[in-house]
Amino acid sequence: MTLLHQPALIDKRRRIVEFCLKQKVLLTRELVERLNDQAVVDAACAIIEGPDPAVWTLMDMLRPSIAPPGITAQQARDIAEFPVKIVWDYDDKASKRSLQDFVGYFNARYTRLSKMLRQRADLQSATSIGRVVASKERQPVAMIGMVSGKDVTKNENLILTVEDPTGTIKVLVNKQKQEVFTLANDIVHDEVIGIIGTNSGNGMVFANTMIYPDIPHIEIKKSPEEVYAVFLSCVHVGSTRFLHDAFDKFLKWIRGEHGTDAQRAMASKVGYVIVMGDTVDGVGIYPNQEKELLIKDIYAQYAEAARLFSQIPRHIKIILSPGNHDALRLSEPQPKLFKDYAKPFWEMPNVIMTGNPAVINIHAKDGFPGFNVLTYHGFSFDDYSEIVPSIKNSGRNCSERTPLIMKFLLQRRHLAPAHTSTLYVPDPRYDPLVIEQVPDVFAAGHIHKAGADSYRGVTIIACSTFQAKTDFQERVGHEPDPGKVPVLNLQTRKIHMLKFGDA
Ligand SMILES: [Fe+2]
């Protein structure tokens with residue numbers, strides 16, 4: 001008698017399928033066929049009726065092998081051993097903030113960035129602004145301050161208002177002094193800068209040059225072996241515009257089932273998938289969003305997203321952080337995805353959760369220090385596209401400016417220097433949006449257009465999306481390129497832009 005004619009086993013099979021459906025996981029035909037095997041059915045029932053019935057433990061058991069085509073089980077096991085370390089992730093508990101916390105937060109930012117600036121030869125003997133104001137002599141001056149105002153005079157010169165804990169002063173930047181004027185023209189509110197100039201002796205400094213905290217040139221590290229990191233963002237599962245077919249092609253590629261021989265060879269050496277938020281489209285993110293939602297329930301969105309991501313072979317680590325469409329607070333740093341909403345992801349054994357932003361280290365092994373990757377969703381980027389003249393006037397469409405913005409932020413050593421560019425947690429202990437360590441890779445999303453660049457040894461990666469152009473993007477003139485995925489060869493540091501689907 002076949003299994004299909006054994007009532008007890010039929011009942012067990014039904015319980016397994018119902019358990020999966022309850023967890024919003026639809027079994028593929030291949031996995032249903034595995035339930036023709038009595039030993040598999042018994043093992044599956046032991047999981048779903050055991051003390052910790054996790055759907056992904058069940059899925060893992062049902063899959064016959066962790067190795068996709070083109071890769072041996074041993075190779076898959078070796079890749080599964082590749083290390084991921086969370087170097088920095090914001091860990092503070094949410095709490096009510098007071099006005100004093102904002103004061104402390106900006107003081108902490110000033111203290112940290114002025115310390116970085118003071119390492120520069122020209123600023124080692126920087127004078128406090130209080131002393132500059134008090135001095136009535138016309139003399140050369142070096143000082144460090146936070147910009148609280150930026151105005152244009154009728155002669156088209158710039159006047160910056162700059163402050164430190166000891167006082168406030170005006171800085172005149174003459175438009176005839178082209179070099180310093182160009183630097184000053186890009187300055188945004190609340191950034192911390194060094195100024196070299198002449199004190200007029202009556203409460204004004206004439207600027208000769210401006211110094212950003214900036215990053216030093218760093219060594220371009222290369223992995224001793226050929227291994228790839230895939231960068232994803234803004235998949236937007238749940239949206240009516242989610243490009244299911246394109247994402248399915250991506251999943252097929254990473255499983256070694258799609259693409260040219262070279263592309264499939266690349267897939268077999270992927271060790272990391274790094275995801276910078278907006279994995280789901282979310283619910284109630286903007287007015288009338290429900291009209292643009294295929295899946296209107298946030299739990300169901302995460303379940304469907306996890307079902308899709310679970311098709312990435314289990315030997316590949318998935319590092320998952322949130323964005324502004326995810327179901328948590330907007331204020332940055334955002335914490336890890338909540339266990340309640342994103343439970344199916346938390347249950348996946350190869351998913352590592354981080355907040356936004358975060359610094360992770362990948363591929364440290366055999367005396368090789370690995371790569372520090374700064375991940376940031378990119379919510380602040382929209383503002384810099386418009387308020388920084390050299391970026392706005394770069395001749396690029398607003399969607400193509402992301403690498404310029406990321407370079408700008410590395411120079412400022414801050415992910416969102418202007419107070420208004422993002423929502424933030426005013427932590428008075430330290431400013432968590434300061435770029436403390438110089439990363440090897442700086443990766444972000446949010447703008448839905450892939451791009452890449454490098455700056456002083458840092459690889460800059462802007463991710464695309466798997467969502468077709470939205471009405472909002474149409475209105476603001478964005479040109480997304482869905483389905484494009486940057487893949488970084490950690491051995492050569494070359495970025496391959498793969499394209500899935502034709503949207
Ligand atoms: Fe976003």
Side-chain angles (χ1 to χ4, degrees), residues 231-243 246-247 273-289 292-293 295 298 301-302 305 309 319-338 341-342 345 353-358 374-386 397-406 409 415-416 418 420-425 433 442-451 460-486:
F231 293 83
L232 286 182
S233 180
C234 309
V235 177
H236 287 278
V237 174
S239 162
T240 49
R241 297 175 198 230
F242 169 57
L243 297 166
F247 197 67
V273 172
I274 302 174
V275 191
M276 260 75 54
D278 289 0
T279 306
V280 296
D281 202 47
V283 174
I285 306 296
Y286 53 86
N288 297 321
Q289 188 196 12
E292 299 181 9
L293 287 179
I295 305 173
I298 189 69
Q301 285 187 11
Y302 279 114
F309 275 75
I319 298 109
L320 190 63
S321 55
N324 58 303
H325 278 254
D326 283 289
L328 33 71
R329 71 163 185 238
L330 275 179
S331 295
E332 295 169 354
Q334 292 180 291
K336 298 175 177 77
L337 292 177
F338 291 143
Y341 294 124
F345 274 113
M353 294 285 188
T354 69
N356 165 46
L374 169 60
T375 58
Y376 176 53
H377 177 65
F379 190 67
S380 73
F381 291 178
D382 297 295
D383 271 24
Y384 300 105
S385 186
E386 292 303 314
N397 172 276
C398 50
S399 296
E400 286 169 353
R401 297 174 192 160
T402 311
L404 297 178
I405 295 165
M406 293 170 78
L409 298 176
L415 293 170
T420 48
S421 64
T422 193
L423 295 164
Y424 55 92
V425 178
L433 300 183
F442 177 21
H446 188 60
I447 302 292
H448 293 200
K449 180 123 192 168
I460 289 173
I461 296 176
C463 293
S464 183
T465 180
F466 278 91
Q467 185 184 39
K469 195 180 196 176
T470 63
D471 292 344
F472 169 76
Q473 289 165 338
E474 182 70 50
R475 274 201 306 280
V476 297
H478 275 240
E479 288 299 337
D481 58 353
K484 221 169 193 181
V485 177

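Order of appearance sets the numbers: ligands from 1, and atoms from 1 within every ligand. Just so we're clear, the structure is a prediction, and the values are computed from it rather than from any experiment.
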query = Would the number of heavy atoms belonging to other residues, nucleotides or ligands and lying under 6.0 Å from OH of Tyr424 be above 12?
reply = yes

ask   = Between Lys449 and Glu400, does at least one N-O distance fall below 4.0 Å, as a salt bridge requires?
value = yes

inquiry  = With rounding to 10 degrees, what does the angle Asn324:OD1 / the Fe ion (ligand 1) / His377:NE2 come to?
reply    = 80°

inquiry  = Counting the benzene-type ring for Trp, do Phe442 and Tyr376 have ring centres under 6.0 Å apart?
reply    = no

task = Taking the Fe ion (ligand 1) as the reference point, name the nearest N/O/S atom of Asp278.
result = OD2

key: Considering only N, O or S atoms of His446, the one closest to the Fe ion (ligand 1)   = ND1

ask   = So, do His236 and Phe466 have ring centers that fall under 6.0 Å from each other?
value = no

